[in-house]
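What you see below is based on every heavy atom in this structure, not just the backbone, and it leaves out hydrogens, waters and symmetry mates. Owing to the predicted nature of the structure, the values given are computational and were not obtained by experimental measurement. Labels below follow one simple rule: chain letters A, B, ... track the order of the sequence lines, proteins then strands, and each chain is numbered from 1.
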Number of protein chains: 2
Amino acid sequence: MGRKRDASRDATILDAAISILAEVGYDGMTMDMVAVRAKAGKATVYRRWATKADMVLEAVARMKREQVDLDNLPDTGSLRDDLLALFRPQPMEETERKLRAMAGMAALLSQHPALAGTAHDALVAPWVEANRVLMRRARDRGEIPGDADIETVAQITPSMGAYRTLIRRQPFDRAFLVTMVDGLVLPALGLPRKSPDSPPTTGAST
Amino acid sequence: MGRKRDASRDATILDAAISILAEVGYDGMTMDMVAVRAKAGKATVYRRWATKADMVLEAVARMKREQVDLDNLPDTGSLRDDLLALFRPQPMEETERKLRAMAGMAALLSQHPALAGTAHDALVAPWVEANRVLMRRARDRGEIPGDADIETVAQITPSMGAYRTLIRRQPFDRAFLVTMVDGLVLPALGLPRKSPDSPPTTGAST
DNA sequence: AAGTTCCGGAACTGAATGGTATCGAATTAA
DNA sequence: TTAATTCGATACCATTCAGTTCCGGAACTT
């Protein structure tokens, strides 16, 4: 007996939490902010999660599902096109938001290093994995040399993206992605650099 | 008249601030912590800086001076040796500490994006600049192709180091540096990959 | 209809903390 | 010697905020 718990409130609250996390960070986020933005009472929040940390943890873990669809990766026959197409269905703004949420968790990570794993698994690992798959395919079809260090190269775009977003505070846009792919990823894999008809230096000036 | 201000207290306090910043982050750091670790009274701290943010800002800005000595870079004639020698005089632990301090500032950066510039200039920019200088030299002496995107490649090690330290929470050690140089930096510049006698994949396994 | 659990909202509590004020001792200059 | 200013230490204040409790109303079960 009794009223059923409205499951749709969970998602609303977690969405609000992620947004605020990305905006002001873990310590800057108050439970009142989250409740207000989700148009929920604090009691409703605390009925679902015992502590602020619990709530944030689930919010971050949930993002994993919205990540790159590993079962449905682009397959154009060209590694370069595949890498660029990775950001086609899901706009880059979403990636930037995730990276900022990760930055917002930095304070949490300092105090609870175990959470670093959760955050990484949810926000970065699937992205690295997608790169890895695309590069292995390219290697198997002979597009890139067999001795390339795919494991390491697959981390370039995520880590440079994090650096750019979190520290440089510059946008993760298409120009940046192209610079990464043409200027770093493909050369590191042993492919010839693009001809100078495409602007070589877009990455960052200072 | 009156007692002179003891200038040596400044450095002691700022050192304590940086250490604590690296350990628990900006929000986790309390002024009492800093005072206790520096064996100073809070009045002594507030006599020097009006607010916590002011103190942290000066602490971070001060690290710039201890950075890589741009006027005395290694010059072995081999880019690879130069890049590896960059971490010879100053041990890697110090680099890791700086990166952690940067992570500790993440919360601050969210709220005051202007500070991101200060932090970047002090902690990362000199490092990128050093890489840039070494690579330009290598290009000028014909060791690497002229069309390499030095600007972008110079950011690889700093950004991958930040990713590894802050998000993966793994050590910034020599093996990692070697993986970066041999697996990414040199190949991206158009140099042949190392022969497989050196382990190709050390970067990170997930 | 009755009883139970949920809802959003608001008031409340207890702890933490930035910043201020004050203390006695030490240092320096006049 | 005396006055001014520093020092480390501690007490204090005002605010913020995580978490609790209560409310009136809505929804679901029996």
Exercise for the section: Compute the centroid of each ring, for A:Phe172 and then for A:Tyr163, and state whether the two points are separated by less than 6.0 Å. Expected result: no

Side-chain heavy atoms of [X] within contact of [Y], under 4.5 Å:
| X | Y | answer |
| --- | --- | --- |
| B:Gln170 | B:Thr165 | no |
| B:Leu184 | A:Leu184 | no |
| B:Thr157 | B:Trp127 | yes |
| B:Met160 | B:Gln155 | no |
| A:Glu23 | A:Arg100 | no |

Interatomic distance where [atom1] belongs to [X] and [atom2] belongs to [N] [whole Å]:
| X | N | atom1 | atom2 | result |
| --- | --- | --- | --- | --- |
| B:Asp32 | D:dG8 | CG | C1' | 13 Å |
| A:Arg48 | C:dC6 | CZ | C1' | 9 Å |
| A:Arg37 | C:dG8 | CZ | C1' | 18 Å |
| B:Tyr26 | C:dT17 | OH | P | 13 Å |
| A:Asp6 | D:dC28 | CG | P | 9 Å |
| A:Asp10 | C:dG8 | CG | P | 11 Å |
| B:Asp27 | D:dT15 | CG | C1' | 16 Å |
| A:Arg5 | C:dT5 | CZ | P | 12 Å |

Would you mind classifying the nucleic acid contact of [X] as base, sugar-phosphate or nothing, using non-hydrogen atoms under 4.0 angstrom?
| X | result |
| --- | --- |
| B:Lys39 | sugar-phosphate |
| A:Thr44 | base |
| A:Met33 | nothing |

Practice task
Tell me yes or no: between the side chains of B:Asp32 and B:Thr30, is some donor less than 3.5 Å from an acceptor?
Solution key: no

Problem - Exercise: do A:Ser19 and A:Arg97 side chains pair donor with acceptor under 3.5 Å - result: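 The criterion, which ignores hydrogens and geometry beyond distance, is satisfied for A:Arg97 and A:Ser19.
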
Practice task
Using heavy atoms and a sub-4.0 Å distance, could you list which residues of residues 49-60 of chain B are near DNA chain D? By number, please.
Solution key: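 Those residues: none at all.
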
Problem - No-H, no-angle donor-acceptor pair, B:Lys42 side chain to C:dG19 base, under 3.5 Å - result: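 It does, because a donor-acceptor pair links the side chain of B:Lys42 to the base of C:dG19 below 3.5 Å.
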
Completion exercise
Contacts of A:Ala40 and B:Met31 projected onto DNA chain C by closest heavy atom; the upstream (5') one is A:Ala40

Exercise for the section: May I ask you to say whether B:Asp182 pairs ionically with B:Arg80, meaning some side-chain N is under 4.0 Å from a carboxylate O? Expected result: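 Yes, this pair counts.
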
Handout entry: Under-4.0 Å salt bridge between B:Arg62 and B:Asp10
Key = no

Handout entry: Side chain of A:Arg9 - closest among C:dT17, C:dT20, C:dG8
Key = C:dG8

Handout entry: Gap separating the CG atom of B:Asp54 from the OG1 atom of B:Thr51, nearest 0.5 angstrom
Key = 3.5 Å

Fill in the blank from the handout: Distance col, row B:Leu21:CG vs B:Asp27:CG, nearest 0.5 angstrom, shows 10.0 Å

Handout entry: Identified stems (criterion: three or more consecutive Watson-Crick or G-U pairs, under 3.5 Å), DNA chain C
Key = C:1-30 with D:1-30

Completion exercise
Per-nt protein contacts along nucleotides 22-30 of chain C (heavy atom under 4.0 Å; B base, S backbone sugar-phosphate only, - none) come out as B---BBBS-

